[in-house]
Amino acid sequence: MRNRLVPRMTCLAVALGLLAGCTVPRVPLGDPLVRIDPQQGYRYGTLGRTRHADDLLFIVSFSGGGVRASAMAYGIL
């Protein structure tokens, strides 16, 4: 009996894990953008230039616009 129980429980755990990955959390959305100002925000052109030549600038860009993509990008950082 025990020999049959382990594979069945393993299959059940895998199936539940796959089903849990398909759920979508209900996240409240923010207000829509009314206007975009290209002189503000996180843009390369708005970076202040420093006099130190040995400074390191590290730019990271992530693709995706969903909740899962944002969570993955946050996890990577």
For this session: Check the pair D37, Q40 against side-chain contact (heavy atoms from CB on, under 4.5 Å), reporting the backbone distance first and the verdict last.
Result: CA-CA 6 Å; D37 187 6; Q40 292 184 355; 3.5 Å; yes
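- Note on Y74: it does not cluster hydrophobically with I76, by side-chain heavy-atom contacts below 4.5 Å among ILVMFWY residues.
- Residue L16 qualifies as enclosed at atom CG: its count of foreign heavy atoms under 6.0 Å is above 12.
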